[in-house]
Protein chains: 2
Amino acid sequence: MKFSTRDRYALRLMVELANRGPGEPLSLKSVSDRQGISQKYLEQIVTPLSRAGLVSSSRGSQGGYRLTRPANEITAGDILRAIEGDLVPIPCLASQAETCPRRPQCHTIGFWDGLRQVIDRYVDGITLEQLRTMKADDLPLPELE
Amino acid sequence: MKFSTRDRYALRLMVELANRGPGEPLSLKSVSDRQGISQKYLEQIVTPLSRAGLVSSSRGSQGGYRLTRPANEITAGDILRAIEGDLVPIPCLASQAETCPRRPQCHTIGFWDGLRQVIDRYVDGITLEQLRTMKADDLPLPELE
DNA sequence: ACCATTCCAACCGAAATTGCAGGAAAGGGG
DNA sequence: CCCCTTTCCTGCAATTTCGGTTGGAATGGT
């Protein structure tokens, strides 16, 4: 049960973009330099973010990527789902999954679905703006104090 | 971000054991028959549960496994941690991880640590007894109603 | 002695992960 | 108009993880 490097890098990439003003685009080259992630790998990561409509791009010199919405209207959940698809802990719960024949007798599906909800609520409750302004050891536990 | 079949099967295996009285052991053969998981694979799964002290075994005819504690004193977290080790969403947070050089400037570590805590609280709040008595579409969201 | 069971260790194919390489297309600045 | 920067697209490849299977040894009840 681990999130992939793509998930982690996507968050860091988006934080970089959030640090930029809304107008001017930021190139992957500069993100690569500052975050120590190869430019080529960043290209792979930004593609689904672009397809999900979270960022837009400009080509050519002085080009790059920028957020399509203000950072406080983008959640960590938006970003992770753009990379991962459904954010489900087990395949059974994916929206396109065929229903398990063992489902009616299953004692654990409720547990997993509860976990899914807990994760959803957490990631949807944290905005990119919160991430951007967060220091290294801050803990953003909203309603859990 | 998925939990493995081992995690899922471990829960189902433990529910089967919880359905048994505390005295008499249940063989993997019968679990295999009822749950449709190969006996050999179950052997792999029960081993870490045994090493973690959640179950004990008797060999030979009429042998099998039984819980070492009552089902309401074992949590889903106990079971998953026995299989997975640390229940951390990213390697950075593992107890044996060397500290990332980028740590002081990292804007996302707090997010991930918060997620870890949310997951921990959930899985540690659900007991094997709750799982056992849970029907297919029950949702065990304790304090979240 | 037999048989059911746990225990132990190796192996194995398929899939996912984590990238890298090589361009083609587009756009701005000189 | 040419060059440079950048995005965009495709393919590949090494490594690890996943999801088991296989084979057998040790143990213990009957």
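So that the names make sense, note that chain A is the first sequence line, chain B the second, and so on, each numbered from 1.
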* When the distance from CE of B:Met1 to P of D:dT17 is rounded to whole Å, what number comes out? -> 18 Å
* To do: Check whether the ring centres of B:Phe3 and B:Tyr9 lie less than 6.0 Å apart, and answer yes or no.
  => no
* In whole angstroms, how far is the P atom of C:dC8 from the CG atom of B:Leu28? -> 14 Å
* Asked: Does the side chain of A:Ser57 get closer than 4.0 angstrom to OP1 or OP2 of D:dT7 through an N or O atom?
  -> no
* Nearest of C:dA25, C:dG28, D:dG28 to any side-chain atom of B:Arg59? -> D:dG28
* **Nearest-neighbour nucleotide for the A:Arg51 side chain, D:dC9, D:dG19, C:dG19 considered** => D:dC9
* **Value in whole Å for how far the P atom of C:dT5 lies from CD of B:Gln62** => 7 Å
* With respect to the phosphate group of D:dT21, does any side-chain polar atom (N or O) of B:Ser38 fall under 4.0 Å of OP1 or OP2? -> yes
* Selected nucleotide, minimal atom distance to B:Lys40 side chain, candidates C:dT18, D:dT21, D:dG24 -> D:dG24
* Asked: Taking atom types as modelled and ignoring hydrogens, do the side chains of A:Arg8 and B:Thr108 form a donor-acceptor contact shorter than 3.5 angstrom?
  -> no
* Name the nucleic acid region contacted by B:Thr47, choosing base, sugar-phosphate or nothing; use a 4.0 angstrom heavy-atom cut-off, strictly under. => nothing
* Once you round it to whole Å, what is the distance between C1' of D:dG20 and CD1 of B:Ile45? -> 9 Å
* Spacing between A:Arg66 atom CZ and D:dT6 atom P, to the nearest angstrom -> 14 Å
* Asked: Within this structure, what is the OH-to-C1' distance between A:Tyr9 and C:dC20, rounded to whole angstrom?
  -> 14 Å
* To do: Name the closest nucleotide to the A:Ser61 side chain, picking from D:dT7, C:dG19, C:dG27.
  => C:dG27
* **Spacing of A:Gln44 atom CD relative to C:dC20 atom C1', expressed in whole Å** => 9 Å
* Asked: Starting at CD of A:Glu43 and ending at P of D:dG11, how long is that distance when rounded to a whole Å?
  -> 16 Å
* What nucleic acid atoms does B:Ser50 come within less than 4.0 Å of, heavy atoms only: base, sugar-phosphate, or nothing? -> nothing
* Phosphate OP1/OP2 of C:dA21: any A:Tyr41 side-chain N/O under 4.0 Å -> no
* To do: Run the salt-bridge test on B:Asp78 and B:Arg69 with the 4.0 Å N-O cut-off and return the result as yes or no.
  => yes
* For the side chain of B:Thr5, counting heavy atoms from C-beta on, which of C:dG28, D:dG11, D:dG19 is nearest? -> D:dG19
* With ring centroids as reference points, do A:Phe111 and B:Tyr122 lie under 6.0 angstrom apart? -> yes
* Answer yes when B:Arg81 and B:Asp120 have at least one side-chain N-carboxylate O distance shorter than 4.0 Å, and no when they do not. => yes
